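To start, the structure itself, in structure tokens.
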There are 2 protein chains.
Amino acid sequence: MTDAVNPKRAERNPTAGGSAARTAGAGQRRSRKRGTVNKDVIMGIASSMFRERGYDRTSLEDIASALSITKPSLYYHFSSKEDILLECISRGYILFQQKIADRDDVRLPGRERVRVFLEAYVDLIQDNVLSMIVADERVMSDAGKVKSRNYKRMINRDLQDRLEAGQRDGSLAFDDIKIVAYGIFGMVNWMTHWQSGALDIPPAAVSDQFVKMIFDGIGAPRA
Amino acid sequence: MTDAVNPKRAERNPTAGGSAARTAGAGQRRSRKRGTVNKDVIMGIASSMFRERGYDRTSLEDIASALSITKPSLYYHFSSKEDILLECISRGYILFQQKIADRDDVRLPGRERVRVFLEAYVDLIQDNVLSMIVADERVMSDAGKVKSRNYKRMINRDLQDRLEAGQRDGSLAFDDIKIVAYGIFGMVNWMTHWQSGALDIPPAAVSDQFVKMIFDGIGAPRA
DNA sequence: GCCATTTGTTACCACCCGGTAAGTACTTTA
DNA sequence: TAAAGTACTTACCGGGTGGTAACAAATGGC
């Protein structure tokens with residue numbers, strides 16, 4: 001009974017699928033064919049787990065076992081846990097850009113361009129893909145902080161540009177653009193804290209209601 | 001046999017005040033007079049630290065050293081780390097009720113009662129007092145989850161009551177009250193993720209702008 | 001068939017964290 | 001003044017985490 005070496009680490013019930021891998025497909029350790037685990041597969045799982053459990057509370061062992069590999073294997077693909085997070089953030093940003101590219105059109109009024117932004121954003125939140133939201137700078141290295149902050153700045157800039165465009169073309173009206181942007185991001189980002197029940201609302205319904213609320217407010221029209 | 005005993009664990013630099021106690025006054029360990037540390041003082045520091053660093057990333061040692069006491073001393077006042085959090089949540093809720101009691105008046109239109117709610121709420125967020133927001137159920141015991149969820153439910157109910165009152169008296173108008181409440185809480189709760197710079201905006205300015213945005217929206221009035 | 005590269009594995013470490021046991025000093029009370 | 005409680009301290013444990021060293025098996029090119 002040596003307690004330094006934990007023998008139980010190796011033995012993992014091969015029949016128990018566990019709830020670890022509820023999010024994405026995963027089998028038991030060793031069941032996966034060699035070579036099917038690439039960076040993108042890892043980031044898919046990692047994004048989901050970071051989003052569901054939080055970055056801190058997701059251990060590398062959690063991620064690895066959801067992929068049916070072992071923790072050190074992750075270090076073949078990534079250089080650190082933070083590296084995984086940063087790549088997830090980058091991936092999320094790229095997916096956002098791709099999603100928005102189809103529907104976006106700079107000739108539309110700013111108001112509509114804000115709507116496009118929000119619909120894509122809410123979609124991706126509910127797909128557990130926007131790791132940026134979940135990334136808390138306080139756990140990151142200085143270099144990581146800079147990178148993460150840059151992505152946040154870019155996406156913030158994107159929304160603010162649309163808001164300004166709306167102000168110019170007369171489709172939107174507001175005082176303080178910073179507070180407005182913060183408010184909008186708060187509304188949608190906080191979805192990551194919703195309990196599972198509330199998340200069952202279809203993304204389209206959520207973004208519809210939010211967009212309505214943001215544009216029209218909830219004050220009764222004064223007569 | 002066992003190499004698990006790490007001797008270096010005990011040695012800790014006693015002079016290093018560190019930046020742990022930037023939030024509230026603290027000196028080096030032992031500088032504080034006996035008896036000045038009571039539950040309320042602990043909760044004050046703990047709330048701030050939970051809010052600034054997050055619950056997970058605030059160790060009991062962090063809290064203790066900010067109070068110039070040792071970690072086991074905390075166990076004289078509280079039974080566990082979660083206990084501290086739960087008491088902070090309760091304290092925050094009570095402070096909220098007290099703050100709101102002065103200005104609240106059920107005879108006011110719902111719209112104004114929502115405003116009162118939000119002004120108090122934003123104030124207390126900026127005072128780092130609403131630990132409820134920072135408490136992530138995923139780290140809590142089942143019993144803790146229930147308690148925490150109850151406080152959240154109560155404060156949610158409070159806002160929804162005000163919203164419904166506004167809908168009845170005609171001062172507010174909206175479709176889905178749940179989404180509206182989620183949206184509002186998202187806007188204000190997300191303030192806990194703002195970087196320090198943005199938090200310098202005076203609370204009154206924040207709540208004014210948020211309230212304006214919530215009531216009137218940012219869509220230009222259609223002619 | 002052999003070798004280099006890719007993709008993993010086992011075994012392990014140093015560190016940190018929540019929590020506990022047991023003892024100590026100050027303060028109140030009878 | 002002595003007992004009883006209050007408010008701490010030192011020393012320690014078990015368990016978990018990110019990360020590393022060293023080794024092994026599958027894969028593809030020659």
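Residue numbers begin at 1 in each chain, while the letters A, B, ... track the order of the sequences. Every value quoted in this text rests on a predicted model; they were computed, and no experiment measured them.
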For atom CG of B:D56 and atom P of C:dC16, their distance in whole Å = 17 Å
Does A:S73 have a side-chain nitrogen or oxygen under 4.0 Å from the phosphate oxygens OP1 or OP2 of C:dT9?
-> yes
Rounded distance (Å) that lies between atom P of D:dT20 and atom CG of A:D83 | 12 Å
From CD of A:E61 across to C1' of C:dT10 the rounded distance in Å is 13 Å
Distance check: side-chain N/O of B:Y76 vs OP1/OP2 of D:dA7, anything under 4.0 Å?
-> yes
Would you say the side chain of A:K71 and the base of D:dG18 hold a donor-acceptor pair, judged only by whether the two atoms sit under 3.5 Å apart?
-> yes
Heavy atoms of B:S148 and B:M140 approach each other most closely as CB-CE, 3.7 Å
Looking only at D:dT20, C:dC17, D:dT9, the nucleotide nearest the A:Y75 side chain is D:dT20
In whole angstrom, what separates B:D62's CG from C:dG18's C1'?
-> 13 Å
Minimum-distance nucleotide (side-chain atoms of A:S59 versus C:dC17, D:dT17, C:dG19) | D:dT17
So does A:T70 get a side-chain nitrogen or oxygen closer than 4.0 Å to the phosphate oxygens (OP1/OP2) of C:dG8?
-> no
Between D:dT17 atom P and B:R57 atom CZ, what is the distance in whole Å?
-> 15 Å
With a 4.0 Å cut-off on heavy atoms, is B:T58 in touch with a base, just the backbone sugar-phosphate, or nothing at all?
-> sugar-phosphate
Distance only, no hydrogens: is a donor on one side chain within 3.5 Å (strictly under) of an acceptor on the other, for B:N150 and B:R153?
-> yes
Nearest-angstrom distance from the residue atom NZ of B:K81 to P of C:dG19 = 8 Å
Rounded to the Å, how far apart are B:L74 CG and C:dC17 C1'?
-> 13 Å
Do A:K81's NZ or CZ and the ring of A:Y75 fall within the cation-pi criteria of under 6.0 Å and 45°?
-> no
When you look at A:W190 and B:Y182, which way does the ring-ring contact (aromatic ring centres under 6.0 Å, His included) test go after all the steps?
-> CA-CA 8 Å; A:W190 196 255; B:Y182 284 161; over 10 Å; no
Can you establish whether the number of heavy atoms outside B:R103 located under 6.0 Å from its atom CZ is more than 12?
-> yes
Under 4.0 Å: is that the gap between some side-chain N or O of A:H77 and OP1 or OP2 of C:dT6?
-> no
